[in-house]
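Just so you know, these numbers come straight off a predicted model, no measurement behind them.
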Amino acid sequence: MTDRAAIVTGASSGIGLEVTRLLAGEGHAVTMVARRPEKLRAACEQLLAEGWEVGHVAADVGVEHDVKRVVAAHRDAYGRLDVLVNNAGVGIGSSIGELDTKGMDIQLATNLRAIPLFYREALPMLRSAGAEHRNALVINTASIAGKQGQPWLSIYSATKFAVVGFTQAMNRELLTQGIKSTTLCPGFVDTPMTDFLKDSMPAEKMIQTSDIVAAVRMLLSLTPGCVIPEILFELSER
Ligand SMILES: NC(=O)c1ccc[n+]([C@@H]2O[C@H](COP(=O)([O-])OP(=O)(O)OC[C@H]3O[C@@H](n4cnc5c(N)ncnc54)[C@H](OP(=O)(O)O)[C@@H]3O)[C@@H](O)[C@H]2O)c1
């Protein structure tokens with residue numbers, strides 16, 4: 001049985017892929033999760049070729065049954081969970097007058113509803129890890145849009161504000177069990193999610209996935225007595 005294990009959602013691309021590589025390099029067996037099976041398999045094979053212990057489960061985190069299936073598959077494979085990274089997310093822009101109900105529901109389900117479901121399903125394994133080393137960690141990827149309301153991205157913003165608040169609640173509820181939670185709140189990160197912007201903002205002026213990885217590496221190195229509830233990543237030039 002592995003010494004440390006993690007689940008990363010949205011692991012086939014961008015932030016999730018690089019955080020998976022970090023966790024694997026730091027000795028975690030990682031279950032990678034995303035919807036599109038081919039893209040996910042390719043990302044997983046890339047990390048396997050680098051020598052890391054990773055597996056993959058294709059799933060839509062907005063579907064309760066899928067969340068249960070991911071956590072069960074991870075438990076069967078590794079039997080423990082030290083780090084849960086709730087990172088899958090989508091942003092669908094529109095003015096409030098043109099709000100599309102389906103687009104709103106996808107964002108609510110993916111960015112927000114999935115996170116409490118993952119906590120609930122993973123809680124027995126997180127509790128065991130917390131009892132063992134007092135350093136179980138849940139990382140929830142919100143956004144700077146979860147700290148400052150964004151026009152034309154209002155639903156995205158609302159879901160990310162909710163992630164910030166939910167994470168605060170989780171710390172008040174679970175820290176005594178050795179389970180820490182941290183929200184990541186980045187501005188624009190150079191990933192496929194921001195490709196649509198790159199004509200007006202060069203990728204090199206954005207936050208890099210290596211910056212997010214550096215912060216997660218720091219979170220992994222904290223002693224049991226220290227929790228960092230939230231990290232803001234701002235653009236140095238706007
Ligand atoms: N890039 C930014 O500027 C930025 C800034 C602040 C916050 N964030 C947040 O950072 C997180 C990661 O974004 P990214 O920039 O790395 O984007 P990305 O490169 O587009 O990656 C998104 C990942 O999430 C997966 N995903 C999307 N919907 C899913 C669902 N319903 N179920 C399972 N997996 C799903 C995608 O794979 P499939 O499509 O195959 O499912 C992909 O693996 C998101 O929560 C995003 O809101 C990004």
Side-chain angles (χ1 to χ4, degrees), residues 6-11 14-16 18-20 22-23 28 30-31 33 61-62 64 67 70-71 74 81-91 107-127 129-130 133-150 153-187 189 193 207 209 211-234:
I7 296 174
V8 180
T9 71
I15 295 169
E18 295 311 320
V19 169
T20 300
L22 168 75
L23 287 166
H28 298 76
V30 187
T31 298
V33 181
V61 300
E64 184 173 11
V67 175
V70 167
V71 176
H74 176 87
L81 183 65
D82 302 277
V83 181
L84 168 63
V85 184
N86 289 308
N87 169 76
V90 283
Q107 292 177 91
L108 288 167
T110 309
N111 300 358
L112 174 57
R113 183 174 177 273
I115 295 182
L117 294 178
F118 263 102
Y119 270 85
R120 184 189 69 197
E121 294 304 313
L123 198 53
M125 283 190 286
L126 290 170
R127 276 194 180 123
H133 51 63
R134 311 294 303 165
N135 239 341
L137 176 64
V138 184
I139 296 172
N140 298 319
T141 309
S143 167
I144 207 75
K147 303 298 292 180
Q148 304 149 2
Q150 296 300 315
L153 267 177
S154 55
I155 304 305
Y156 180 78
S157 232
T159 62
K160 298 299 192 178
F161 265 78
V163 172
V164 170
F166 179 76
T167 308
Q168 285 175 8
M170 287 301 96
N171 273 329
R172 297 185 73 178
E173 195 168 323
L174 298 176
L175 276 177
T176 54
Q177 299 177 47
I179 303 169
K180 302 173 180 180
S181 296
T182 301
T183 327
L184 304 180
C185 300
V189 186
M193 187 182 256
I207 294 157
T209 54
D211 297 316
I212 312 291
V213 165
V216 173
R217 184 180 289 114
M218 184 266 292
L219 292 175
L220 294 173
S221 73
L222 297 176
T223 61
C226 174
V227 63
I228 297 183
E230 195 171 288
I231 303 178
L232 269 59
F233 305 74
E234 297 201 355

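Residues passing the side-chain hydrogen bond (donor to acceptor under 3.5 Å, both in side chains) test with N171, sequence neighbours excluded: none. With sequence neighbours excluded, the residues forming a side-chain contact (heavy atoms from CB on, under 4.5 Å) with L108 are M104, D105, T159, listed by chain and number. Take K160 and apply the side-chain hydrogen bond (donor to acceptor under 3.5 Å, both in side chains) test, not counting sequence neighbours, and it matches no residue. Remark: E173 engages no residue in a salt bridge (Lys or Arg N to Asp or Glu O under 4.0 Å) (not counting sequence neighbours). Under the ring pair (Phe, Tyr, Trp, His ring centres under 6.0 Å) criterion, F233 pairs with no residue at all, not counting sequence neighbours. With sequence neighbours excluded, the residues satisfying salt bridge (Lys or Arg N to Asp or Glu O under 4.0 Å) with E230 are K147. The ring pair (Phe, Tyr, Trp, His ring centres under 6.0 Å) search around Y119 returns F166, not counting sequence neighbours. With sequence neighbours excluded, the residues that form a side-chain contact (heavy atoms from CB on, under 4.5 Å) with A145 are S143, Q150, Y156, S157. Considering only residues two or more places apart in sequence or on other chains, A136 meets the side-chain contact (heavy atoms from CB on, under 4.5 Å) condition with L126, A129, I179. For I144, the side-chain contact (heavy atoms from CB on, under 4.5 Å) criterion is met by Q148, L232, E234, not counting sequence neighbours. Residues that satisfy the salt bridge (Lys or Arg N to Asp or Glu O under 4.0 Å) test with R120, not counting sequence neighbours, are E64. H74 pairs by the ring pair (Phe, Tyr, Trp, His ring centres under 6.0 Å) definition with Y78, not counting sequence neighbours.
Of all the heavy atoms in V19 and V213, the pair that sits closest is N-CG2, 4.2 Å. Minimum heavy-atom separation, V189 to P186: CG2-CB, 3.7 Å. Here the shortest heavy-atom pairing between I228 and I231 reads CG2-CG1, 3.8 Å. M193 and G89 make their closest contact through CE-O, 3.5 Å (heavy atoms, listed as atom of the first residue, atom of the second, distance). Of all heavy-atom pairs between I212 and I207, the closest is CD1-CG2, 4.2 Å. Summarising the geometry of G62 relative to R113, their closest heavy-atom pair is O-NH1, 2.9 Å, with the distance given to 0.1 Å.
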Would you check, one step at a time, whether the test side-chain contact (heavy atoms from CB on, under 4.5 Å) holds for V138 with K180? CA-CA 6 Å; V138 184; K180 302 173 180 180; over 6 Å; no

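Remark: the backbone N or O of T176 is paired with a side-chain donor or acceptor of R134 at under 3.5 angstrom.
Partner of V33 under the side-chain contact (heavy atoms from CB on, under 4.5 Å) criterion, out of V71, V61, V8: V61 alone. Each of T20, I7, L22 was evaluated against V30; a single residue qualifies, T20, per the side-chain contact (heavy atoms from CB on, under 4.5 Å) test.
We find the CD1-OG1 distance between I115 and T110 to be 10.0 Å, quoted to the nearest 0.5 Å. Here the straight-line distance linking atom OG1 of T31 with atom CG of L81 works out to 8.5 Å at 0.5 Å rounding. Between atom CG of residue N140 and atom CG of residue L84 there is a gap of 7.0 Å, rounded to the nearest 0.5 Å. For the atom pair CE of M170 and OG1 of T182, the computed distance is 13.5 Å after rounding to the nearest 0.5 Å. For the atom pair CG (L174) and OG1 (T167), the distance works out to 11.0 Å, reported to the nearest 0.5 Å. We find the CG-CG distance between L184 and N86 to be 11.0 Å, quoted to the nearest 0.5 Å.
Using a 4.5 Å heavy-atom threshold, the side chains of N87 and I139 count as separate. The side-chain heavy atoms of L137 and D82, taken from C-beta on, include no pair separated by under 4.5 Å. The shortest distance between side-chain heavy atoms of T9 and T141 does not fall below 4.5 Å. Counting only heavy atoms from C-beta outward, the side chains of V85 and I15 never approach each other to under 4.5 Å. Taking 4.5 Å as the limit, some side-chain heavy atom of H28 sits within range of a side-chain heavy atom of V83.
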